[in-house]
Amino acid sequence: MKREKIADILRASEIGKTVLVKGWVRAFRSNRFIQVNDGSTIKNIQAVVDFENFDEAILKRVTTASAVAITGELVESMGAGQAVEIKVTAIEILGDANPDEVQKTVMQPKKHSLEFLREQAHLRFRTNTFGAVFRIRHAVSFAIHKYFNDKGFNYLHTPIITGSDAEGAGEMFRVSTLDAQNPPLNDEGKVDFSQDFFSKPVNLTVSGQLEAELAALALGQVYTFGPTFRAENSNTSRHLAEFWMIEPEVAFNDLKDNMDLTEDFLKYICQYILDNCADDLQFLNDREEKEQQSKPKLERNELTLIERLKFVTENDFIRLTYTEAIDVLRNSKPFKKKKFKYDVAWGVDLHSEHERYLVEKKYKCPVILTDYPAEIKAFYMRQNDDGKTVAAMDVLFPGIGEIVGGSQREERLDILKKKFADFDIPEEDLDWYIDTRKFGTVPHAGFGLGFERMVMFVTGMTNIRDVIPFPRTPGNASF
RNA sequence: UCUCCCUUAGCUCAGUUGGUUAGAGCAUCUGACUGUUAAUCAGAGGGUCCUAGGUUCGAGUCCUAGAGGGAGAGCCA
C-alpha cells in the first residue's frame, strides 16, 4: 500500500477509503487519539484506536515524537476539532522515542520560548511554529524565482568566493588553505598569499551586485539569489553573518523603474504567501495575537500579521527624497521636543530612530527614500544632476527597517573614474567592472533584498535567527 | 563593539528587610478514567539556585569579575 501525505488526505477527504499515513506523533490522548503530523501541512490527522482490542505493547511505544505508520479507514469524526479521522486497523512503530529523552527537548506538547527552541535548531522543525515558518520560507523563495522567471529574468550564479575586496559592503571572511599556525611569509615578513590556493587573498562574497551588472549589460535582466557573508560583529535581531540575498539588475532601467520593480516585486511576494500559505499564515497570525495580549497596549501591533500583508499589497508605498525626509523629520514633534538621540541635518545619514518615525509613526506604510547625499552612499551609485546627491533608494518596512537597498548605477565612465578616486579605490582592483562602461555602456539599475528580512515580515517573527534553519552569528555556528 | 535587562527542576517562572527542609504550573513516570482537542483526576520522581571569588554568624537574595541569553544602538540586507 502506498503512503499518502496528510495534506492530500485532508484535501480529498474521501470517506470510506483505506489510507496509510507515515509521520511523527504529536500527542497521544486518552489512550485513544493519536495526533500525527508528517510535515506536509501544519494540520495533524487524528488516528482513533480501539485500545480495548489492540496490542498493548504497540500502544506503549506510541509516544510523543515517535515515528509511526498507521493504516485505517477514513471516517467522519465524532469529535468537534476535525472533520475526518482515521479508524485505525494497524500501527507500525517506525522509530521509537524515549519519553525521558523527549522531555529534555522541545518536542513536548507544551509551549516553549523561542530562545529554548533556538538552542535545539535541529529539532525545532518538529514544532508548529517552525514548521509554518520554514514552509513559508520555501514559498517565499519559490515566489521570488517565479516572479523573475515570469518576467523573463535570468537567474545568475555569482561567485561565493570572491577575489575583489573593494565592494565596500562590510567586513569579509577570508578563505584560505594556508596553515593558520605557520603561514608562509614573504620577504617583508608578511603572509605570502601567492602560495595560497588562489595565489592571492580571497574572501566570501558580501554582494553579487558588481558581477550581476556585467551580466545585466548583456542578458538585459538578471537576478542573483545566493548566500552572502558579513564578518561584522553585529549582535541584533536583524543581522546574520550568513544570510541570503536577492539582487536583480536591469539594463536600461532608471531609478523610477527600479522603484516600480521593487514595489511590484514585494507586493507579489506578499500576495503569493496570502494565496498559497493560508493555514501556516493563519497559525502564525493567531500565535502572534495571543502573544500580543500579554504586552502593554502601547507595544502591540495595530494590525495583525495577515492585515499587514494585505496592507502592503493594497497600498502604494510612500516615496520621498532624502531631502524631503530631512524636512519632514525637522518639522516632526520628536525633533522639536528633542526626543531624537541623534541630530537630523542634511548630509548626515538617518538613524534607526528616524527611519522608524517615518515608517511606523508618520506614514504607517512602507517608505521608499531616494536621492541620498553622495558621501554617505556607495561609489557605484549614479550621480544626480544637482552634483550633490546620488540615485539611491532604501525601502523601509515597519518593524524590519531597511529591507531593500538599491540604486541606479553610474554608467558614465568619466564620472565613475572620478568616484573611484574620491573613494580611494584603486582602479586596477575593479578594472573588469570599469570595462563595462567602455563597451556600449547604458543606464541600469538594481537592488538587494535581504531574504531573511522578507521572511521575517511575512511570518511576523521578530528575531532573524528564527527564520533561517541554522543561524550563524558572532560566536555561534552550531549544527 | 557599546548600553540596559535576564540566568532558580526538562520548560516557563515565583522566591518578602539576607534567616529552618528552595516552591508553582506545564512536561515526565505510576494509577484511575475514557470521544479527547495544550484531555481530566490522584500520586511520585526531579535542584551545581550560570561559574569563580568576596562580604557576613548565615547568601538563591548583597558586592566584584567572567560566561551564556535577550532588547536596543552602531554597521547594514
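Just so it is clear, the values below take in all heavy atoms, side chains as well, and ignore hydrogens, waters and symmetry mates.
Counting atom types as modelled, Arg453(A) pairs a side-chain N or O with a base atom of rC76(B) as donor and acceptor under 3.5 Å. With hydrogens and angles left out, the side chain of Ser352(A) and the base of rG72(B) share no donor-acceptor pair within 3.5 Å. The base of rG68(B) does not come close enough to the side chain of Glu115(A) for any donor and acceptor atom to sit less than 3.5 Å apart. Donor-acceptor pairing under 3.5 Å, judged by distance alone, is absent between the side chain of Gln35(A) and the base of rU37(B). For Arg238(A) and rA77(B), a side-chain-to-base donor-acceptor distance below 3.5 Å is absent, hydrogens and geometry of angles not being considered. Under 3.5 Å, the side chain of His239(A) and the base of rC76(B) form at least one donor-acceptor pair of N or O atoms.
Residues Phe340(A) and Ser332(A) meet the side-chain proximity criterion, which asks for heavy atoms closer than 4.5 Å.
Among the heavy atoms of the strands, none lies under 4.0 Å from Ile400(A). Contact annotation for Ser237(A): backbone-only contact, meaning every heavy-atom pair under 4.0 Å involves sugar-phosphate atoms and none involves a base.
Comparing rG35(B), rA77(B), rG74(B) against the side chain of Glu402(A) picks out rA77(B) as the nearest. Comparing rA77(B), rU34(B), rG35(B) by their closest approach to the side chain of Phe243(A) singles out rA77(B). Across rA73(B), rC11(B), rG70(B), the shortest atom-to-atom separation from the side chain of Asn463(A) is found for rG70(B). Comparing rG35(B), rA77(B), rU12(B) by their closest approach to the side chain of Glu85(A) singles out rG35(B). In the set rA77(B), rC11(B), rC75(B), rC75(B) carries the atom at the smallest distance from any side-chain atom of Ser234(A). In this structure, the nucleotide among rU36(B), rG35(B), rU34(B) sitting nearest to the side chain of Val48(A) is rG35(B). Ranking rU34(B), rA77(B), rU1(B) by closeness to the Asn235(A) side chain, first place goes to rU1(B).
Of the possible polar contacts, one joining the Asn258(A) side chain to the Gly446(A) backbone as a donor-acceptor pair under 3.5 Å is found.
Taking the six-membered ring where the residue is Trp, Phe420(A) and Phe379(A) present perpendicular rings, their angle passing 60° and hence far from 30°. Note on ring orientation: taking the six-membered ring where Trp is involved, the planes of Tyr372(A) and Tyr322(A) are tilted (angle from 30° to 60°).
Proximity of Ser113(A) to the phosphate of rU12(B): a side-chain N or O atom is located under 4.0 Å from OP1 or OP2.
Residue pairs meeting the side chain to side chain donor-acceptor pair (under 3.5 Å) criterion with at least one partner in residues 98-121 of chain A, sequence neighbours excluded, are Arg118(A)-Asp466(A). Residues in residues 48-67 of chain A take part in these side chain to side chain donor-acceptor pair (under 3.5 Å) pairs, two or more places apart or across chains: Asp50(A)-Asn53(A), Arg61(A)-Asp96(A).
The distance between atom CG of Leu114(A) and atom P of rU12(B), rounded to the nearest whole Å, is 11 Å. Spacing between atom NE2 of His112(A) and atom P of rC13(B) amounts to 13 Å, rounded to whole angstrom units.
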Report, one pair per line, the protein and nucleotides 25-28 of chain B atoms (nitrogen or oxygen only) whose separation is under 3.5 Å.
unit_1: rA27(B); atom_1: O2'; unit_2: Gln108(A); atom_2: OE1; d: 3.2
unit_1: rA27(B); atom_1: N3; unit_2: Gln103(A); atom_2: OE1; d: 2.5
unit_1: rU28(B); atom_1: O2'; unit_2: Asp100(A); atom_2: OD1; d: 3.1

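Lys5(A) NZ: 12 or fewer foreign heavy atoms inside a 6.0 Å radius. Within 6.0 Å of CD on Glu76(A) lie no more than 12 heavy atoms contributed by other residues, nucleotides or ligands.
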